[in-house]
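Here the structure comes first, spelled out in structure tokens, and everything after it is commentary.
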Amino acid sequence: MLDIKYLRQNIELVRKKMAERGQAIDFDRFIALDSQRRDILMEVETLRNERNNVSKEIGDLKKKKADASALIAKMSDVSAQIKELDDRLRVTEEDLNGFVLTVPNIQHDSVTIGSSSEDNQLIRSWGEKPVFSFEPKAHWEIGENLNILDFARGAKIAGARFTLYRGLGAALERGLINFMLDLHIVDHGYTEVLTPFMANRESMTGTGQLPKFAEDLFKIEGMDYFLIPTAEVPVTNIFRDEILEEKNLPVYHVAYSPCFRAEAGSYGKDTRGLIRQHQFNKVEMVKFTKPETSYDELEKLTANAEEVLKKLGIAYRTVSLCTADLGFSSAKTYDVEAWMPGQNAYREISSCSNFEDFQARRASIRFRRAESGKVEFLHTLNGSGLAVGRTVVAILENYQQADGSVLIPQALQPYIRGIDRITL
RNA sequence: GGAGAGAUGGCUGAGUGGCCGAAAGCGAUCGCCUGCUAAGCGAUUGUACGCCCCUAAAAGGUGUACCGCGGGUUCAAAUCCCGCUCUCUCCGCCA
């Protein structure tokens, strides 16, 4: 959520920024609501002030056993007016709030303006794409041949976009989770957290999934709970409505969680394999930082995600998302894309974002400056480290052998009982 | 699932419808005192949103709201009434 005061004072800049993001937003409505709110507020506060003063007088009169009935009658009218104005104020504030909650974040000045993912800016690439003496297979074929991925059974149990892992497939997924967690905890200094996998409406609003993107979420029927689409939601909301001490920043958290996404509107896209699932596992890094360090922290966060792929020996490239691809809450996002030979393409495996104070303002996460004692919003960042299912895809496709077996990268072997190869 | 108790500032904890943004204590900050430390003394000690002042911000002045959340009664609600959420205790059930 943008700062209303900032919005009021920089309306033309915000107009321009939103136009660059391809957002058609009716800021005139905002201006009208905003001034309407202030008009009502001034009026109602004046009346309240009168009521407070006169009520005191009434109290004094009653103490002296004097007649206060004229004043009481007058205040009765004033109270009725206040009630009416309060109702109007509430409606106006709800409208205003509803409006501000649907305005995306302002992109950082370094973000390029674009119209599609074609316009994302290449930042760097790493690693060698493997060369095969045979036609590399897609992971779904490799996984089914090795009997470690069972898409038909997954669909039987739950439906399309659910997968059953078996044997070393399950072990690979589980080993990757622990490998990634240990790397971020031990080498990168993150604190592990394990959260609820459902979150309430306030939390979903805090990180920006609601109110605008309800159709992407699974909701628990009859209760105001949602399955989390990413650990970003519970981990960022750890400090919702809290004021942290400056000396405790930055906070680095890493969490494993399953992620649940309705994937509405993605029919026909990535229908085969593990790329786009209703449920997948992810290791997520979340940072709470001071405003002045958040962009340095974004670089480090992205490097932490890339490190996983380096350790696994998988080629990748890192792109800075252009305005067309940038997520609703993000000011700047780097996507790390792993090379996937079976698809002859780089595919997103991590997304690292700086939200600046956008989520912090929604979720009211603040910190107190040690020097001045002033309270201000902190900055939140997060990034996948990594999407586990897609990492399985990358391993299967990059390390597939002519005989159909798959080698396990050395760094990962301790996490799957020392096994160095998956064979039938 | 059944029965009961509770929710007040950074923390503990008072609070008879009006003098309660809220006692007291603790903690914290600043100052005094002191050879140093401790003790003692004094002052300060929330957040949000308006308005005034100001080129702007800050500071300052002023107003309003906030005692778990949402309604209601009343001239006036931390206080009375209703609903909800959460916490705790006991019983039952359960991984």
Side-chain angles (χ1 to χ4, degrees), chain A residues 1-13 30-101 194-206 220 222-226 234 237-249 291-292 357 360-378:
Chain A
M1 175 165 78
L2 301 180
D3 181 9
I4 287 192
K5 264 185 262 178
Y6 179 87
L7 200 48
R8 192 184 293 148
Q9 285 163 12
N10 300 277
I11 193 80
E12 291 314 315
L13 174 69
F30 164 77
I31 294 166
L33 283 170
D34 183 52
S35 79
Q36 191 184 346
R37 170 181 169 270
R38 247 169 320 148
D39 290 347
I40 299 172
L41 192 62
M42 269 191 276
E43 200 178 340
V44 77
E45 286 193 349
T46 306
L47 288 176
R48 278 217 193 93
N49 181 231
E50 184 188 354
R51 184 176 72 182
N52 287 345
N53 291 333
V54 176
S55 286
K56 263 175 212 161
E57 279 179 46
I58 292 171
D60 292 342
L61 285 175
K62 289 214 160 180
K63 226 173 274 173
K64 285 184 264 177
K65 307 274 188 203
D67 177 40
S69 56
L71 286 178
I72 289 176
K74 194 176 152 206
M75 283 308 102
S76 185
D77 282 354
V78 170
S79 274
Q81 280 183 65
I82 289 174
K83 187 174 269 184
E84 196 198 312
L85 285 169
D86 267 342
D87 286 343
R88 282 176 53 201
L89 185 64
R90 206 193 62 244
V91 170
T92 305
E93 287 190 332
E94 276 169 10
D95 286 355
L96 190 62
N97 205 29
F99 171 87
V100 177
L101 282 176
L194 185 60
T195 70
F197 297 151
M198 297 184 203
N200 58 30
R201 182 172 299 274
E202 289 72 38
S203 293
M204 288 292 175
T205 306
I220 304 300
M223 307 185 88
D224 213 23
Y225 294 150
F226 300 81
N237 277 283
I238 288 173
F239 296 127
R240 175 155 52 85
D241 296 323
E242 292 191 31
I243 299 174
L244 309 189
E245 294 303 323
E246 180 177 6
K247 66 175 193 292
N248 294 328
L249 296 179
E292 59 269 29
D357 63 7
R361 183 171 291 106
R362 285 175 160 247
S364 188
I365 309 172
R366 294 173 291 174
F367 76 103
R368 192 184 303 279
R369 293 271 181 194
E371 185 78 1
S372 61
K374 292 281 170 227
V375 172
E376 60 184 284
F377 291 110
L378 48 70

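Only a predicted model underlies this, so the values are computations on that prediction, with no experimental measurement involved. Chain letters run A, B, ... following the sequence lines, proteins first, then strands; residues in each count from 1.
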Original post:
On a whole-Å scale, what distance lies between the P atoms belonging to B:rG21 and B:rC41?
Top reply: 29 Å
**OP:** Provide the closest heavy-atom pair for A:Asp34 versus A:Leu96 in the form atom of the first, atom of the second, distance.
**Re:** N-CD1, 3.9 Å
Original post:
If you find the nucleotide of RNA chain B closest to A:Gly59 and the one closest to A:Asn53, which residue's nucleotide is nearer the 5' end?
Top reply: A:Gly59
Subject >> Per A:Asn49 side chain, nearest of listed nucleotides B:rU64, B:rC75, B:rG50 >> reply: B:rU64
Original post:
Which listed nucleotide (B:rC75, B:rG50, B:rA57) is nearest to the side chain of A:Ser55?
Top reply: B:rC75
**OP:** Between A:Arg51 and A:Arg90, name the one whose nearest nucleotide on RNA chain B is closer to the 5' end.
**Re:** A:Arg90
Subject >> Nearest-Å distance for atom pair CD/P, residues A:Glu242 and B:rC11 >> reply: 11 Å
**OP:** Can you see which heavy atom on A:Phe377 is nearest to which on A:Phe367, and at what distance?
**Re:** O-CE2, 3.7 Å
**OP:** Check whether any side-chain nitrogen or oxygen of A:Arg48 sits under 4.0 Å from OP1 or OP2 of B:rG63, and answer yes or no.
**Re:** no
Subject >> Stem list, RNA chain B (Watson-Crick or G-U pairing under 3.5 Å, at least 3 consecutive pairs) >> reply: B:1-7 with B:85-91, B:10-12 with B:24-26, B:27-32 with B:40-45, B:46-52 with B:60-66, B:68-72 with B:80-84
Original post:
Roughly how far apart are A:Ile220 CD1 and A:Met223 CE, rounded to 0.5 Å?
Top reply: 8.5 Å
Original post:
Quick check: are there more than 12 heavy atoms from other residues, nucleotides or ligands sitting under 6.0 Å from OH of A:Tyr225?
Top reply: no
**OP:** State, to 0.1 Å, how close A:Phe30 and A:Ile11 come at their nearest heavy-atom pair, and which atoms those are.
**Re:** CD2-CD1, 3.9 Å
Original post:
Can you check the A:Asp60 CG to B:rC75 P distance for me, whole Å?
Top reply: 18 Å
Subject >> C1'-based separation of B:rG46 from B:rA22 [nearest Å] >> reply: 12 Å
Original post:
Can you tell me how far the CG atom of A:Leu85 sits from the CZ atom of A:Arg48, to the nearest 0.5 Å?
Top reply: 9.0 Å
**OP:** Would you mind reading off the distance between A:Lys62 atom NZ and B:rC19 atom P, rounded to a whole angstrom?
**Re:** 15 Å
**OP:** Give the nucleotide from the list B:rA65, B:rG63, B:rG18 with an atom nearest to the side chain of A:Asn52.
**Re:** B:rA65
Original post:
Taking the C1' atom of each, how far is B:rU8 from B:rA14, in whole Å?
Top reply: 10 Å
**OP:** Please report the shortest heavy-atom distance between A:Glu57 and A:Leu71, naming the atom on each side.
**Re:** OE1-CD1, 3.8 Å
**OP:** Quick one, give me the B/S/- string for nucleotides 80-88 of chain B, reading 5' to 3', where B means a protein heavy atom under 4.0 Å from the base and S means that only happens at the primed atoms, P, OP1 or OP2.
**Re:** ---------
Original post:
What integer distance in Å separates A:Ile72:CD1 from B:rA76:C1'?
Top reply: 9 Å
Original post:
Do A:Arg37 and A:Glu93 come close enough that some side-chain heavy atom pair is under 4.5 Å?
Top reply: yes
Original post:
What pairs with A:Glu246 under side chain to side chain donor-acceptor pair (under 3.5 Å), at least two apart in sequence or on another chain?
Top reply: A:Lys290
**OP:** Give a yes/no answer on whether the side chain of A:Arg37 brings an N or O atom under 4.0 Å of OP1 or OP2 in B:rG50.
**Re:** yes
Original post:
To the nearest angstrom, how far is A:Leu41 atom CG from B:rA48 atom P?
Top reply: 16 Å
**OP:** For B:rA23 versus B:rU34, give the span between their C1' atoms, rounded off to a whole number of Å.
**Re:** 32 Å
**OP:** For B:rA39 and B:rU45, measure between their C1' atoms and round to the nearest Å.
**Re:** 22 Å
N/O to N/O distances under 3.5 Å, protein versus nucleotides 43-47 of chain B:
{"unit_1": "B:rU47", "atom_1": "O3'", "unit_2": "A:Arg366", "atom_2": "NH1", "d": "3.0"}

Original post:
What integer distance in Å separates A:Leu89:CG from B:rG63:P?
Top reply: 20 Å
Original post:
Of the residues in residues 75-84 of chain A, which ones touch RNA chain B at a heavy-atom distance under 4.0 Å?
Top reply: A:Met75, A:Ser76, A:Ser79, A:Lys83
Original post:
Rounded to the Å, how far apart are A:Met42 CE and B:rC52 P?
Top reply: 7 Å
Original post:
What does A:Arg201 touch in the nucleic acid at a heavy-atom separation under 4.0 angstrom: a base, only the sugar-phosphate, or nothing?
Top reply: nothing
Subject >> Spacing between A:Asp3 atom CG and B:rA48 atom P, to the nearest angstrom >> reply: 11 Å
Let me check something: any side-chain donor-acceptor pairs from residues 198-206 of chain A under 3.5 Å, sequence neighbours excluded? List them with distances.
{"unit_1": "A:Asn200", "atom_1": "OD1", "unit_2": "A:Glu202", "atom_2": "N", "d": "3.3"}
{"unit_1": "A:Asn200", "atom_1": "OD1", "unit_2": "A:Ser203", "atom_2": "N", "d": "3.0"}
{"unit_1": "A:Asn200", "atom_1": "OD1", "unit_2": "A:Ser203", "atom_2": "OG", "d": "3.2"}
{"unit_1": "A:Arg201", "atom_1": "NE", "unit_2": "A:Asp224", "atom_2": "OD1", "d": "3.3"}
{"unit_1": "A:Arg201", "atom_1": "NE", "unit_2": "A:Asp224", "atom_2": "OD2", "d": "3.0"}
{"unit_1": "A:Arg201", "atom_1": "NH2", "unit_2": "A:Asp224", "atom_2": "OD1", "d": "2.9"}
{"unit_1": "A:Ser203", "atom_1": "OG", "unit_2": "A:Arg240", "atom_2": "NH2", "d": "3.0"}
{"unit_1": "A:Thr205", "atom_1": "OG1", "unit_2": "A:Arg201", "atom_2": "O", "d": "2.8"}

Subject >> A:Glu94/A:Arg90 salt bridge by N-O under 4.0 Å criterion >> reply: yes
Original post:
Do A:Arg366 and A:Glu376 sit within salt-bridge range, that is, some charged N less than 4.0 Å from a carboxylate O?
Top reply: no
Subject >> Closest to the A:Lys63 side chain, choosing from B:rC51, B:rC19, B:rC75 >> reply: B:rC19
